[in-house]
Every structure is written in structure tokens, then in C-alpha cells.
Amino acid sequence: MDKYAFPCDPLANPAAVISGPTYRFTLLGETVLRYEWAEDGVFEDRASAFAINRNFTPPEFTVNDTEKHVEVVAHNFHITYDKRRFSRSGFTIGFPSKVTLWGADWHYGETAKDNLGGTARTLDEVDGRCDMGDGILSRSGFATLDDSDTMLFDGQGFIAPRKSGDRIDGYMFVYGHDYKGAMKAFYDISGRQPALPRWALGNWWSRYHPYSADEYIQLMDTFAKRRVPLSVAVVDMDWHQVKGDHIPHAGWTGYSWNKELFPDPSGFGKALHDRGLKITLNDHPHGGIHHHEDLYETMAKAIGHDTSKKAPILFNPTDPKFMDAFLSVLHRSIEKEACDFWWIDWQQGPISRIPGLDPLWLLNYFHFQDHVNQNGEGKGIIFSRYAGPGSHRYPVGFSGDSIRTWESLRFQPEFTATASNVGYGWWSHDIGGHMGGIRDDEMATRWVQYGVFSPIFRLHSSYSQWTSKEPWNFRAEHCYAMEHFMQFRHRMVPYLQTTNLLGGAEPLVRPLYWEYPARSEAYEKPNEYFFGPHLVVAPIVHPRNPATNLASANVWVPPGRHVDIFTGAIYDGDREILMYRSIETIPVLAPEGSIIPLEADLFPQNGCMNPTSLEVIIVVGKDGGFAILENPHDDADAEPSRENGDSIEYRKIKLDYKQSTGRLSVSESTKTWKFKFLSLMSIPPALKVHVSGVVTTCKIHVEDMPDTPGLVVEIPAQNPNHKVDVQITLGPEPQLSMLDRSARLKSWLLDFQIEFAVKDKILAAVEGNKSLASKIGGLMSLGLEADYTGPVVELLTGESR
């Protein structure tokens with residue numbers, strides 16, 4: 001089983017350890033304390049499901065050890081312990097951090113009152129909110145993690161339970177309001193998120209439906225004809241035999257292709273691969289391998305199973321011989337036909353033949369290591385449920401069968417962002433909801449828009465003729481919005497992939513309080529979040545007003561001026577504002593200094609390969625930078641390979657913007673470039689473009705339209721075999737342009753389903769050279785509902801200039 005081992009460093013530095021006959025304290029850097037108690041005095045040094053690294057440089061600390069007590073004083077905490085079994089009165093920690101006026105301390109067994117949450121194993125049948133448990137972050141500035149009952153890694157590629165007896169194994173994180181420092185410590189101990197394959201960042205199609213091969217391929221071709229790109233084809237349970245008198249068990253488990261639906265599995269796989277798609281098959285492994293399966297005899301021979309009485313090969317993940325054959329014999333045979341990775345659909349709970357060994361943990365660990373072994377570092381992926389702290393090492397997460405309601409949609413942005421508090425950054429939801437509910441095109445559209453700005457975008461629906469999520473099954477305005485956003489998802493992959501390749505230091509989606517821990521507003525907007533390094537997203541999760549055709553999101557704009565990348569609307573920072581949007585868009589804000597790379601093609605191809613042409617959105621006003629990262633193996637003309645993670649040299653393209661000179665510099669590359677200076681609505685007289693140091697004539701124009709207005713500079717195509725650098729100089733201190741508020745207001749009013757006289761009154765109240773206070777006062781005096789006045793107030797007060 002050595003092939004399933006992974007790098008780890010679980011043995012702590014002895015200089016960081018304070019121990020006695022039945023207790024042990026280990027200082028894992030400045031931020032984390034490990035505390036252990038063992039009745040027999042035997043402590044655990046193997047890697048656990050959570051903690052795989054414990055060898056850190058010891059911080060400075062002092063110890064006062066007496067006959068009955070031991071005190072440990074370090075920079076961030078002061079331990080007092082009575083040398084008995086840990087108890088509330090006998091083991092306490094005081095904290096010097098100033099997150100409260102009255103100070104803080106902890107007594108063993110307590111949980112921080114204001115823990116900010118973690119995540120849940122599944123959203124199966126959840127309609128609205130669910131318990132997200134505890135994470136590493138708390139407004140009290142500390143949090144504990146109980147690791148006493150988790151499984152262990154034996155260091156030789158397999159797993160082991162904990163020793164029996166009375167034992168305590170816990171971790172105390174102490175960080176004040178340095179949330180990022182706390183999560184860095186978490187990743188240092190538990191390992192970072194691995195990079196995903198680039199194709200995982202595109203659009204996934206999934207549906208619980210007994211597709212035939214021809215039907216599935218035809219559907220993929222329909223998406224292509226409509227120029228809606230996909231990257232992953234999910235085939236749910238019916239790829240295998242699920243019913244029939246010859247099947248001796250319930251049909252969820254199966255490993256023999258349904259030849260009535262898929263007469264040529266290899267041909268089916270080739271057809272999808274030829275279309276630029278990766279394939280994942282659903283696997284419910286609980287039922288084991290029975291005598292009717294095509295691979296029954298092969299599996300039996302591999303593990304020495306007696307087939308004389310057709311006895312089933314029971315699923316036993318605690319047996320190393322079974323697990324190895326399960327992956328390298330059973331699954332490998334199917335993978336050769338039509339499977340690139342597995343959807344592990346384990347729903348049978350945490351119990352196995354050995355106490356403490358959760359089958360879900362075992363499936364996730366072995367499947368992921370097996371996939372890495374087959375494909376190389378940075379190419380490993382599974383699709384499975386969350387199994388507890390440490391699960392972030394085995395992406396992607398399947399959140400389960402959510403209910404198709406507005407309440408479920410309203411919870412998913414918060415649920416996803418909060419999962420970052422246990423390092424879990426790659427949730428994939430059933431976008432649009434899986435089961436129950438009613439037909440609601442608006443809700444489905446808003447769910448797609450949120451999904452495009454979630455970690456993994458995967459459409460899914462239940463086994464029903466009414467619920468499939470093809471965009472063209474919805475009313476025209478909703479179909480347009482869905483298809484447009486799905487196209488934009490693939491255009492965003494350069495931005496997403498760079499975040500992905502940065503080594504998992506931070507999740508793609510993060511709560512606002514990660515950046516602003518001292519601001520109450522950051523805690524009061526759980527559905528608003530950071531998306532990568534430069535975007536703030538506030539999904540719309542409430543229905544629109546049918547009279548205005550607008551829905552709203554209550555947004556806190558972080559400090560600093562921000563611009564909506566879809567509308568060009570400018571907002572002063574450090575304020576709350578209701579933002580109103582039509583069904584075509586949601587608020588996605590970029591602060592001054594942002595640089596956001598996109599694929600230039602408005603209609604990207606399947607598969608998410610490295611694009612040859614890029615469009616870059618720049619928000620002037622402050623200095624900014626971005627380094628686009630690409631794996632050369634993702635080039636369209638790259639030779640298929642299995643690269644070693646240590647030898648990958650990512651291609652880096654640096655973009656740097658200096659506000660004082662208005663200069664954008666792009667390092668050497670072979671790309672074709674289009675640059676959009678968002679909400680810059682005139683061509684600066686001093687504008688110059690240099691390509692490899694030579695002044696170059698370019699296509700320069702201002703796009704003055706409702707969607708992403710700005711100054712556009714398109715660089716002529718260069719020789720694709722030669723690298724060139726680019727410099728665009730706008731002139732000193734360029735500033736964002738004021739929006740034409742009147743034109744936007746008239747556009748909205750034109751669509752309002754209200755009396756014409758009321759429209760005239762609204763326009764009269766806000767036009768002219770009156771003061772802002774006078775305009776708003778006149779608007780409020782009309783006595784209209786907030787849904788009518790709110791959009792106007794947003795236009796008037798978005799920025800103060």
C-alpha cells in the first residue's frame with residue numbers, strides 16, 4: 001500500500017514539547033497549542049485525518065513546573081494546568097489579545113461563544129439553513145478543534161484507528177483578529193488545498209436521468225450549437241445496471257455498463273473526449289460486487305474471494321487488499337472505457353468494521369491518492385461529500401441533494417463562504433436545486449448566476465421530466481441570462497485558474513470578515529463574499545418586483561471606491577447600499593486597482609484550455625497587479641502527459657498598473673490582447689501603446705453601453721511564435737468617469753409597470769441642478785414604495801462626485 005502514502009511530517013520538534021506522565025503540550029508555532037491527555041501515558045505521533053504536519057520551529061515560551069501545577073507562558077497564551085485529567089477548573093488558558101475590553105480566557109471543555117461556523121457533511125434534503133458546526137475562526141479570537149476520535153495514517157499508505165482507552169487530543173488556535181493568520185496555521189498543520197485540473201473550473205452538466213449514449217451526445221451537441229461551453233459530463237447512476245431480476249440487491253450499486261443504454265462504452269467515452277469533455281461516473285459502493293457483475297470473477301481473483309457459491313464481495317474499505325483491488329482492478333477497468341474521475345456517492349453514514357474509521361474518509365483519501373498516482377500532482381480530483389476537518393485535501397466536494405426553493409438558494413452563498421473557516425474551498429452544489437419545490441424560472445436563473453460565482457459550477461436536477469436545467473427549457477429572458485453567465489464562467493477561467501494554482505493558501509470564496517475582522521458590517525452580510533483576489537460578489541437571492549422587473553441585494557461596499565464589472569456603476573466604499581438589478585445581472589464589484597483577466601472569446605470552446613487571446617479588465621484609481629498563471633500542459637496543442645508535480649513550471653504573465661503615470665505594463669507573452677479600462681469614458685489625449693518598445697497603432701474606442709462600459713484598447717495580432725511585451729500609457733492620474741445617471745434612470749423607468757404620471761414625477765424630482773438632499777427629499781415626498789424609489793436612490797448616491 002506504499003503507493004497511497006503521501007508526504008507528511010507529523011512528529012513535533014522535541015523543543016516545542018512540555019510533558020508529564022499523563023499529559024503533553026506541544027507549541028505548534030506562535031498560534032496553535034496541541035494538548036493531550038492519556039491515561040496510560042502513551043501519546044500519538046502519527047498523522048491524523050486533520051493533522052499531518054506538526055514539526056515547526058518552537059516559539060519562545062517559559063515553563064514553571066511545580067509538584068501540583070505546570071504553567072506555560074508564550075506570546076499568545078498563558079496555560080495553567082493541575083496535572084490531572086483535563087477539567088474545566090484544572091486546565092485553563094488566558095489570552096493577552098485585545099479583541100474584547102474585558103479580556104478573554106478559556107476553560108477546558110468550553111467552546112467560543114461566537115464561533116463563525118464551519119461546514120456540514122451534506123445538504124441532503126436541506127430546505128434553507130442547516131447546522132454548520134464550528135470552524136477555526138471565532139470573534140473571541142480563539143477556537144478549539146477536537147482530534148481525539150479521528151482516524152490515523154500509518155505512514156505506509158494505509159490507515160489505523162486510535163488506541164483504546166481514555167485519551168484527549170485537542171488543538172487550540174489563538175489569533176485575536178488575525179483570521180488569515182489562523183487559517184494559515186490551519187493549512188500549515190493540515191496541508192494546503194491541492195490544485196485542481198483546469199477543466200474542473202468550467203461548466204459541469206449533470207442530471208439524474210437514464211440517458212442513452214446517443215441522447216447524451218446529442219445533448220452535448222445542442223449545448224455546442226448554442227455556443228454554451230461545458231467541461232465536465234456527469235453521468236449519474238443509470239450508466240450501470242440498476243434493475244432486473246438478475247440483480248440480487250438494490251440497484252444503487254453497480255459496476256456493469258447498461259448495454260441497452262450504452263452499447264459501446266468506449267465509443268461513448270471517445271465521443272465525449274472528442275468534444276473536449278471529461279467524464280465522471282456516479283458510484284454508490286455500499287452494496288459491494290455481486291456475482292452478476294462483469295468484473296466479479298476478476299475482483300474475486302485479485303483478493304482471493306471464493307466464488308463457488310456466488311457469494312458477494314462485500315464492501316470493506318478497512319481491508320487494504322480490498323481497497324487496492326477496488327481501485328486498481330475494478331475501477332481501473334471502467335476508467336479505461338469511459339471515466340476520468342469518480343463521483344463517490346456515499347450516503348450510509350460513518351460506521352465501518354473498525355470503530356473510528358469512517359468509510360467516507362477512506363473513500364475520499366484512497367480515491368484521491370489513486371487519482372494523483374495515475375495523473376500526477378495538480379491533476380488529482382474526486383467528487384464526494386465532506387468528511388470532517390482535513391477534507392480540503394481531497395477536492396471536489398459534493399454538497400448533496402438540496403431542495404429547490406428560494407430558502408435553499410438564500411443559504412448556499414453563506415454556506416459556501418463559511419466552509420472556508422475549516423479550509424474547505426471547493427464545494428460543488430446542485431445548481432438550481434435537486435428535488436421538491438416548484439417551477440420558478442427566476443429562481444433558477446438567480447441560482448445559475450450565483451453558481452457561476454461559486455467554486456465549482458454544476459447544473460443538476462432530479463429524476464423528473466419537468467426539472468432538467470437546460471437553459472433553453474426556460475423562458476426567453478431567463479435562457480438568455482443563463483447562457484450568458486455560463487459563457488462568462490468559461491471566460492473567467494484565467495482568473496480562476498490563477499487562484500487555483502497559487503497553492504491553496506486561501507480559498508477562492510472567503511467571507512468578508514477575513515479581510516475586515518474589526519468591522520461589524522463584514523459579519524452582517526453572510527451572503528456577500530470575496531471571489532478570488534479582486535472581486536466582491538453579492539448574489540441576488542430574493543424575487544424581483546414584477547412592476548419594476550428589478551430585484552435587490554443589500555451590499556456592504558468595502559473601503560475604497562468600487563466598480564460593478566457588469567454595469568460600470570461606481571460606488572463609494574465603506575457603506576451599505578441596496579443594489580437593484582434586472583434578471584440579466586447581479587452585483588459583482590471590483591475595487592480601484594483591480595486587474596481581472598478573461599478569455600477574450602465571447603463564446604469559449606469546451607474544455608477550458610489555455611486561451612490564445614485574453615481580455616483584461618482594469619479599474620484605474622490605484623496601483624494594481626496580477627500575475628496570470630498557466631500550466632503549459634493545458635495548451636490546446638500540448639502533448640498528453642503525466643507530469644510530476646515537482647517539475648511543473650507554470651507560465652507566468654505579469655500585469656502591473658501604476659496610477660501615478662496611468663501605465664499598464666504586461667510582461668512578454670504570445671497572447672493576443674484586448675484591454676478594457678472599466679468606466680473610463682473618454683480617450684486620453686496622451687494615450688500611447690508600445691509593443692516590445694515600439695509605438696503601435698491599435699484599435700481604440702469607448703464602449704458606451706449598459707454592460708461594462710469603458711475604454712477599449714485592442715492590440716494587433718502578433719507573430720504567435722514570438723513573445724512581446726505591452727505598455728499602455730493613459731497619462732498621469734486617470735480617474736473613473738461619472739455615469740450618465742439620467743440615461744440609466746430613463747431606461748429603468750421605461751420598463752417600470754406604473755402610471756406614466758408617476759414616472760414623470762420621479763424624473764422631475766431628481767433632474768436639474770438641485771442638491772442631492774433636495775433630489776432625495778423630492779423623491780421621498782412622492783410616497784412611493786421602496787421598490788420604486790430604491791433604484792433611483794442607488795443611482796443618485798452610488799458615488800459622491
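Residue numbers run from 1 in the order of the sequence given. Any value given below was found using the heavy atoms of this structure, including those in side chains, with hydrogens, waters and symmetry copies removed.
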_Residue pairs passing the salt bridge (charged side-chain N to carboxylate O under 4.0 Å, His left out) test where at least one lies in residues 449-466, sequence neighbours excluded_ = D430-R458

*Hey, could you give me each pair passing side-chain hydrogen bond (donor to acceptor under 3.5 Å, both in side chains) that has a residue in residues 603-614? Not counting sequence neighbours.*
R198-N610, N610-D635

*asked:* Donor-acceptor check, side chain of R489 to backbone of V452, threshold 3.5 angstrom: yes or no?
replied: yes

_Test of ring centre spacing under 6.0 Å for F268 and Y211_ = no

*R227 to F603 six-membered ring, cation-pi geometry met (6.0 Å, 45°)*: yes

*asked:* Tell me if the aromatic rings of W514 and F530 count as close, with their centers under 6.0 Å from one another.
replied: no

*Can you check whether Q218's main-chain N or O pairs, donor with acceptor, with T222's side chain at less than 3.5 Å?*
yes

*asked:* Which label fits Y513 and Y523: parallel for a plane angle under 30°, tilted from 30 to 60°, or perpendicular past 60°?
replied: parallel

*Using 4.0 Å as the upper bound for N to carboxylate O, is an ion pair formed by K671 and E630?*
yes

*Give the intermediate values and the outcome of ring pair (Phe, Tyr, Trp, His ring centres under 6.0 Å) for residues F488 and F566.*
CA-CA 11 Å; F488 190 78; F566 289 129; 5.1 Å; yes

*Check whether the ring centres of W239 and F262 lie less than 6.0 Å apart, and answer yes or no.*
no

_All ring pair (Phe, Tyr, Trp, His ring centres under 6.0 Å) counterparts of H434, not counting sequence neighbours_ = H460

*Option passing side-chain contact (heavy atoms from CB on, under 4.5 Å) with S582 (candidates L550, I540, N549)*: L550

_Just to verify, what does R129 make a side-chain hydrogen bond (donor to acceptor under 3.5 Å, both in side chains) with, not counting sequence neighbours?_
E414

*Can you list the steps and then say if W342 with F383 is a ring pair (Phe, Tyr, Trp, His ring centres under 6.0 Å)?*
CA-CA 6 Å; W342 289 92; F383 184 37; over 10 Å; no

*CD/E703 to CZ/F677 distance, rounded to the nearest 0.5 angstrom?*
13.0 Å

*asked:* Looking at E521 and K525, is there a salt bridge between them, counting it only when a charged N and a carboxylate O are closer than 4.0 Å?
replied: no

*What do you reckon, are the aromatic ring centroids of W427 and F415 less than 6.0 Å apart?*
yes

Show every donor-acceptor pair shorter than 3.5 Å between a side-chain atom in residues 756-766 and any protein atom, with sequence neighbours excluded, or say none if there are none.
residue : atom : partner : partner atom : Å
K759    : NZ   : L749    : O            : 2.8
K759    : NZ   : L750    : O            : 3.3
K759    : NZ   : F752    : O            : 2.9

*asked:* Applying salt bridge (charged side-chain N to carboxylate O under 4.0 Å, His left out) as the test, list every pair that has at least one member in residues 396-409; sequence neighbours left out.
replied: E407-R410

*Does the separation of the ring centres of F675 and W673 fall below 6.0 angstrom?*
yes

*Go through D787 and R544 one step at a time and tell me if the salt bridge (Lys or Arg N to Asp or Glu O under 4.0 Å) criterion holds.*
CA-CA 9 Å; D787 279 352; R544 60 187 168 182; over 6 Å; no

*Taking the six-membered ring for Trp, are F341 and W199 ring centroids under 6.0 Å apart?*
yes

